[in-house]
Number of protein chains: 2
Amino acid sequence: MAEPGAPASVKEFEERLLDVALSLPKRLKQCADYVAANIDRIAVSTVAEMAEAAGVQPSAFMRFCQIMGFSGYSEMQRLFRESYVGGWPDYATRLDHLREMGENSGPRLLAEFVDAGRASLENLLNTVDPTALEQAVEVLAGANLIHIIGLRRSFPVASYLAYAFEKMQVPAMLHSVAGRLDSTSAIRPGDALLAVTFSPYSAETLDLVELVRGRDVPVVALTDASVNPLRKLGAVTLTVSEVDFGAFRSLSATLCLAIALSTAVGAQRRS
Amino acid sequence: MAEPGAPASVKEFEERLLDVALSLPKRLKQCADYVAANIDRIAVSTVAEMAEAAGVQPSAFMRFCQIMGFSGYSEMQRLFRESYVGGWPDYATRLDHLREMGENSGPRLLAEFVDAGRASLENLLNTVDPTALEQAVEVLAGANLIHIIGLRRSFPVASYLAYAFEKMQVPAMLHSVAGRLDSTSAIRPGDALLAVTFSPYSAETLDLVELVRGRDVPVVALTDASVNPLRKLGAVTLTVSEVDFGAFRSLSATLCLAIALSTAVGAQRRS
DNA sequence: CCGAATTTGGAATTTCTGTTCCATTTTGCT
DNA sequence: AGCAAAATGGAACAGAAATTCCAAATTCGG
């Protein structure tokens with residue numbers, strides 16, 4: 001029953017996985033990736049479930065098990081069922097557990113930020129006005145070229161938006177102040193500006209918004225709840241309030257809105 | 001399928017168990033007692049195994065399941081399997097359906113991404129190894145200068161890290177390939193490299209990791225759970241598994257980990 | 001102590017899951 | 001481009017597990 005080369009522990013299993021993963025054809029690599037990311041599911045799932053979740057046929061998953069050194073799925077599953085040591089605590093208890101750790105230890109901070117992030121996401125659905133969101137999608141989908149600006153803390157968001165648009169082949173341009181190369185003349189009628197800014201608002205961003213409004217270019221703003229100058233300038237404003245922990249603000253909610261926005265724009269363009 | 005009076009959570013199950021346990025005949029009481037003491041086995045055992053361990057016939061155990069309000073063992077087991085994996089529905093297929101249905105309105109997408117983000121964050125606590133995290137903090141806190149690299153999809157994360165370190169006055173340098181200005185000679189002994197990369201891994205990042213490993217500079221990698229080449233190169237690896245669906249990858253969990261990591265490093269430096 | 005009701009054991013049945021096999025497609029090489 | 005080898009998808013098969021059913025055993029009231 002126990003194959004000669006079969007991993008005898010979860011650790012051995014992981015090592016084996018690393019070994020073989022790189023030289024695997026497409027479908028089998030999918031299995032390896034899914035298993036790596038969801039290793040704890042093996043104990044409680046059927047082949048059919050695993051295969052579907054990995055996006056392959058059950059037969060492909062079987063082959064994967066055999067490559068890992070087992071006679072089949074059942075044998076592989078046995079390894080994980082046996083090493084299953086009583087119910088993993090649920091999210092809440094795990095969180096509590098991590099919180100009890102040392103003051104500023106990494107795990108402790110992680111628990112706090114995860115919690116803050118979750119709270120932010122929950123809030124997000126309440127604070128974002130659906131009408132404004134659809135309006136924003138409309139504006140951006142109708143633009144020839146989408147200009148994106150976001151500096152300092154907002155820069156990660158801005159760069160993510162640029163990446164997402166590029167992926168969906170939506171014409172977009174990321175403006176930055178690197179090297180003081182303004183590219184303001186690239187912003188032309190028919191375009192739109194997507195500005196990301198949070199208090200304290202950077203002057204460069206506000207200046208740019210003001211400038212393009214003067215050229216009748218529509219502006220969509222991703223910003224926080226405080227009353228800010230952007231609304232006055234006639235921007236479609238999407239409000240995000242992040243729950244912060246300590247002095248640091250997670251960007252979970254902001255990025256989530258950014259993905260939703262860019263995906264919606266991409267979808268609308270296509271149709 | 002779902003019986004009207006069936007427990008919908010492990011908690012409800014336990015309550016119900018207490019209720020019925022006293023008024024049970026001998027064999028069924030045995031079942032109740034064994035289940036009470038080994039509640040976590042339900043997820044990974046067959047009826048036959050449970051029955052034998054409880055010292056009864058399978059049919060007796062079946063009757064016990066029915067008394068607990070389920071249609072049979074399978075239904076009871078499903079409750080425990082689902083609670084074990086923290087049930088995150090299959091977002092890949094869900095988004096697939098969304099796309100097929102042409103349901104791409106902004107608000108609808110936002111709700112989906114919020115949900116996916118929340119699940120990712122919960123999962124983060126499972127996938128990140130606390131020991132590895134502390135090790136990573138150790139390595140980075142001890143470095144003279146922290147070099148950060150992350151391209152394409154990982155660039156937002158890398159730039160966020162650079163911003164956070166700067167805010168905390170931790171010496172850090174963001175490497176980019178803009179203008180093909182490699183700054184590899186800036187990486188010197190005593191420094192550390194923080195690499196952010198997700199499948200498909202960019203060659204530039206892998207090359208840089210390999211290069212600095214040759215100089216005995218320690219590497220911390222923020223990456224996904226897919227089996228990847230970084231581990232082999234001796235990097236401290238922090239794994240995040242997030243829902244990946246083409247361009248639609250949320251970065252909620254990744255950024256959360258990034259903040260926790262950078263904050264912890266900042267705190268450790270100060271002390 | 002007898003008889004009805006309840007509980008129990010175990011075999012028969014059915015459903016579902018793991019596994020295998022082979023035709024078709026894809027990949028890699030000359 | 002054409003061929004051989006490898007990989008893949010899907011359906012058919014085998015096996016194991018859940019479930020049911022009923023006869024035998026036990027319990028309990030009279």
Side-chain angles (χ1 to χ4, degrees), chain A residues 1-3 6-7 13 17 20-35 38 41-82 84, chain B residues 1-3 6-7 13 20-35 38 41-82 84-85 90 92-93 96 200 227:
Chain A
M1 180 110 47
E3 304 290 293
F13 181 91
L17 193 56
V20 300
L22 297 173
S23 58
L24 246 36
K26 194 171 156 210
R27 289 281 113 104
L28 296 181
K29 181 77 166 42
Q30 274 174 251
C31 297
D33 286 347
Y34 181 77
V35 165
N38 302 68
R41 294 208 155 183
I42 299 174
V44 295
S45 301
T46 65
V47 240
E49 286 165 355
M50 292 296 283
E52 189 188 337
V56 304
Q57 290 283 330
S59 54
F61 204 91
M62 284 304 296
R63 258 172 260 132
F64 169 75
C65 297
Q66 282 158 6
I67 287 171
M68 287 298 291
F70 302 95
S71 70
Y73 183 72
S74 303
E75 197 178 295
M76 184 167 116
Q77 191 177 51
R78 189 167 321 134
L79 173 66
F80 288 90
R81 290 198 166 167
E82 276 163 11
Y84 167 99
Chain B
M1 183 139 4
E3 302 293 292
F13 180 92
V20 299
L22 297 173
S23 57
L24 248 36
K26 194 171 158 210
R27 291 279 113 106
L28 295 182
K29 183 79 169 38
Q30 275 176 253
C31 296
D33 287 347
Y34 180 76
V35 165
N38 303 68
R41 304 246 84 151
I42 298 174
V44 295
S45 302
T46 65
V47 238
E49 287 164 355
M50 292 296 285
E52 191 189 338
V56 304
Q57 289 286 328
S59 53
F61 204 89
M62 283 304 295
R63 260 172 259 131
F64 169 75
C65 297
Q66 282 158 5
I67 287 170
M68 288 297 292
F70 302 96
S71 71
Y73 183 72
S74 302
E75 197 178 297
M76 185 166 113
Q77 191 177 51
R78 183 160 38 239
L79 173 66
F80 288 88
R81 289 194 167 171
E82 274 163 14
Y84 172 66
V85 286
D90 192 355
T93 46
D96 233 348
V227 275

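All chains are named by letter (A, B, ...) in the order of the sequence lines, taking the proteins before the strands, and each is independently numbered beginning at 1.
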N/O to N/O distances under 3.5 Å, protein versus nucleotides 11-17 of chain D:
none

Sorted by chain and residue number, the side chain to side chain donor-acceptor pair (under 3.5 Å) partners of B/Gln30 (sequence neighbours excluded) come out as B/Arg27

Next on the checklist: Would the distance check show the side chain of A/Tyr73 and the main-chain N or O of A/Ile42 forming a donor-acceptor pair, the cut-off being under 3.5 Å?
Outcome noted: yes

Residues passing the side-chain contact (heavy atoms from CB on, under 4.5 Å) test with B/Thr46, sequence neighbours excluded, are B/Ala48, B/Glu49

Closest heavy-atom pair, B/Cys65 versus B/Met76, reported as atoms and distance to 0.1 Å, is SG-SD, 3.8 Å

Residues in residues 60-67 of chain A with a heavy atom under 4.0 Å of DNA chain D, by number, are A/Arg63

side-chain contact (heavy atoms from CB on, under 4.5 Å) filter on A/Ala43, not counting sequence neighbours, yields A/Phe80, A/Arg81, B/Val44

The bend of the helix from C/dC1-D/dG30 to C/dT30-D/dA1, taken between the axes of its five terminal pairs at each end and rounded to 10°, is 30°

Contact check, side chains of A/Val35 and A/Met50, non-hydrogen atoms, under 4.5 Å: yes

Could you list the donor-acceptor pairs under 3.5 angstrom formed between side-chain atoms of residues 53-63 of chain A and any protein atom two or more places apart in sequence or on another chain?
none

Any non-hydrogen side-chain atom of A/Arg78 less than 4.5 Å from a side-chain atom of A/Phe70? no

The side-chain contact (heavy atoms from CB on, under 4.5 Å) partners of B/Asp33 (sequence neighbours excluded) come to B/Lys29

Outermost contacting nts on DNA chain C, any atom under 4.0 Å from chain B heavy atoms, listed 5' then 3', are C/dT7 to C/dG10

When rounded to the nearest 0.5 Å, the distance separating CG of A/Leu28 from CE of A/Met68 is 11.5 Å

All heavy atoms of B/Ala32 vs all of B/Leu24, minimum pair found to be CB-CD2, 4.1 Å

Is the side chain of A/Gln77 donor-acceptor paired with the backbone N or O of A/Ser45 at a distance under 3.5 Å, no angle test? yes

Sorted by number, residues from residues 21-35 of chain B placing a heavy atom under 4.0 Å from DNA chain D are none

